[in-house]
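Have a look at the structure below before the remarks.
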Amino acid sequence: MSLTPPPLNAAAPRGPFAGFWPAFTWGVKLTVGRRRRMLIVSLVAVGVGLLAGWFAGHTERGTELSQERTAFQLWRILHEALLPFCAPLVALTLVAGAFQREVSERTLVFHLVRPIARRTLFLARFLAAVLVAIPIALLTPLAALWISGLPLPPEVYLSLVPTVGLGVLAVGALTYLLSAWFKHGIVASLIYVFLVDSFLNEANGTMQRLSTLHHVLSLHHRGTDAAFAALSGRVSKGTDVPLEGFDPSSVVFSTLEAKQLAWMESGAAALVLASVTVLALALGAWKVTRRDYPLKD
């Protein structure tokens, strides 16, 4: 699919956010236009969710588990595997390199001659990318809940929208900032998401408050724990009961076992994630206005 930047207008745009809408629509077309990537990411998101939901309700040999055990295992899988990976992976794939693509493909010059301020383009490209990324990230937990067949109330499904949405926004903004700041920003983003942030989430004490994942999981648990506890009394015991089929003494399982603080209230967790998003975008917008980019051969 061939895409060209939006045409120039006769009159130069005016105002602090002049040219935002053309840049935003261009960003959506550019993100959706990469059909192969979109298809692959969507299929992976759905496939992982379906496999996780099926695994939650069956033993290793395929025997179906009781509703109580299924609810407990799915609750654990959402906490330990799906939510920590679906939002970061989609954010890294579809959001992190959005602005850097304008630089690498030298389409940035088409926007600058309109003229559109770099900070406006930076914000527009981010919002265009997350508009596409959030629905795809939601496919994973929704597919897991659906295939599990658990009689969960609609509130559980609805609670995933702000949980995953704010998670993609916060992680996406941080990786988007790193991608625009560093020459090898995607590598820096991978290190941050899967090493730094994961370490902070697994750390003891108040260090967990520095992790975006901890706040995403807080939203998840505040929104779903009551519903899962109604189906399985083991949920109220927390993480001290092992998943079916896992060896509690194994290195992998020990790594997954986080010594969690009390989950933050939903409002406080949402405020932290929103603040992280705003601060990362503000810092990124400041950086791109002061950085020189190679706009010609």
Side-chain angles (χ1 to χ4, degrees), residues 15-17 20 23-24 27 31 83-84 86-103 108 116-134 137 161-203 205-220 222 261 263-291 293:
F17 293 104
F20 174 87
F24 174 78
T31 304
L83 290 175
C86 70
L89 284 177
V90 172
L92 284 167
T93 305
L94 299 178
V95 180
F99 185 81
Q100 194 60 37
R101 185 182 177 188
E102 298 281 356
V103 178
L108 180 61
I116 297 176
R118 290 185 184 183
R119 61 179 179 274
T120 301
L121 178 62
F122 184 79
L123 179 61
R125 289 293 280 115
F126 172 78
L127 294 177
V130 297
L131 180 68
V132 178
I134 289 174
V161 176
T163 299
V164 175
L166 287 171
V168 171
L169 281 171
V171 177
L174 288 168
T175 55
Y176 190 61
L177 166 64
L178 293 172
S179 180
W181 195 295
F182 297 103
K183 181 178 180 181
H184 301 288
I186 297 298
V187 176
S189 299
L190 287 169
I191 293 173
Y192 166 74
V193 170
F194 295 113
L195 291 180
V196 177
D197 196 65
S198 295
F199 170 78
L200 291 173
N201 182 60
E202 299 287 339
T206 56
M207 286 182 65
Q208 287 180 324
R209 303 294 193 206
L210 300 176
S211 167
T212 55
L213 177 57
H214 179 75
H215 298 90
V216 172
L217 292 176
S218 292
L219 285 176
H220 163 62
R222 293 296 184 184
L261 297 175
W263 301 116
M264 296 185 69
E265 294 296 330
S266 298
L271 180 61
V272 169
L273 293 173
S275 300
V276 167
T277 302
V278 171
L279 289 174
L281 290 177
L283 183 58
W286 173 83
K287 178 63 179 178
V288 298
T289 59
R290 287 159 175 77
R291 180 177 174 181
Y293 293 101

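The shown structure was predicted, so the numbers you read here are calculated from the model rather than taken from an experiment.
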Please name the pair of heavy atoms, one in [X] and one in [Y], separated by the smallest distance, quoted to 0.1 Å.
X: A137; Y: C86; result: O-SG, 3.9 Å
X: A180; Y: V288; result: CB-CG1, 4.1 Å
X: S179; Y: G97; result: OG-CA, 3.7 Å
X: A270; Y: L219; result: N-CD2, 4.1 Å

### Message
So, using ring-ring contact (aromatic ring centres under 6.0 Å, His included) as the criterion, who are the partners of F122 when residues are at least two apart?
### Response
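Per chain and number, F122 pairs via ring-ring contact (aromatic ring centres under 6.0 Å, His included) with F99, Y176.
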### Message
Show, in sequence, the C-alpha distance, side-chain angles and deciding distance for L169 and L273, and conclude whether the side chain to side chain contact (heavy atoms under 4.5 Å, CB included) test is met.
### Response
CA-CA 8 Å; L169 281 171; L273 293 173; over 6 Å; no
### Query
What's the verdict on side chain to side chain contact (heavy atoms under 4.5 Å, CB included) for V164 and L83, showing C-alpha distance, side-chain angles and the deciding distance?
CA-CA 8 Å; V164 175; L83 290 175; 4.1 Å; yes
Can you tell me how far [atom2] of [Y] sits from [atom1] of [X], rounded to the nearest 0.5 angstrom?
X: L213; Y: L217; atom1: CG; atom2: CG; result: 4.0 Å
X: S211; Y: N201; atom1: OG; atom2: CG; result: 4.0 Å
X: L200; Y: H214; atom1: CG; atom2: NE2; result: 11.0 Å
X: R118; Y: L121; atom1: CZ; atom2: CG; result: 9.5 Å

Who pairs with [X] by side chain to side chain contact (heavy atoms under 4.5 Å, CB included), at least two apart in sequence or on another chain?
X: V272; value: H215, M264, V276
X: L271; value: S275
X: A124; value: F20, A23, F24
X: A87; value: V168

### Message
Apply side chain to side chain contact (heavy atoms under 4.5 Å, CB included) to residues H220 and W263 and explain how you reach the verdict.
### Response
CA-CA 9 Å; H220 163 62; W263 301 116; over 6 Å; no
Please report, to 0.1 Å, the donor-acceptor pairs under 3.5 Å made by any side chain of residues 278-286, with sequence neighbours excluded.
none

### Message
Would you say that L166 contacts V216 through its side chain, given a criterion of any heavy-atom pair below 4.5 Å between the two side chains?
### Response
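Contact flag for L166/V216 side chains = no.
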Between side-chain atoms of residues 185-195 and protein atoms elsewhere (two or more places apart, or another chain), which donor-acceptor pairs fall under 3.5 Å?
| unit_1 | atom_1 | unit_2 | atom_2 | d |
| --- | --- | --- | --- | --- |
| S189 | OG | T175 | O | 3.3 |
| S189 | OG | G185 | O | 2.8 |
| Y192 | OH | D197 | OD1 | 3.4 |

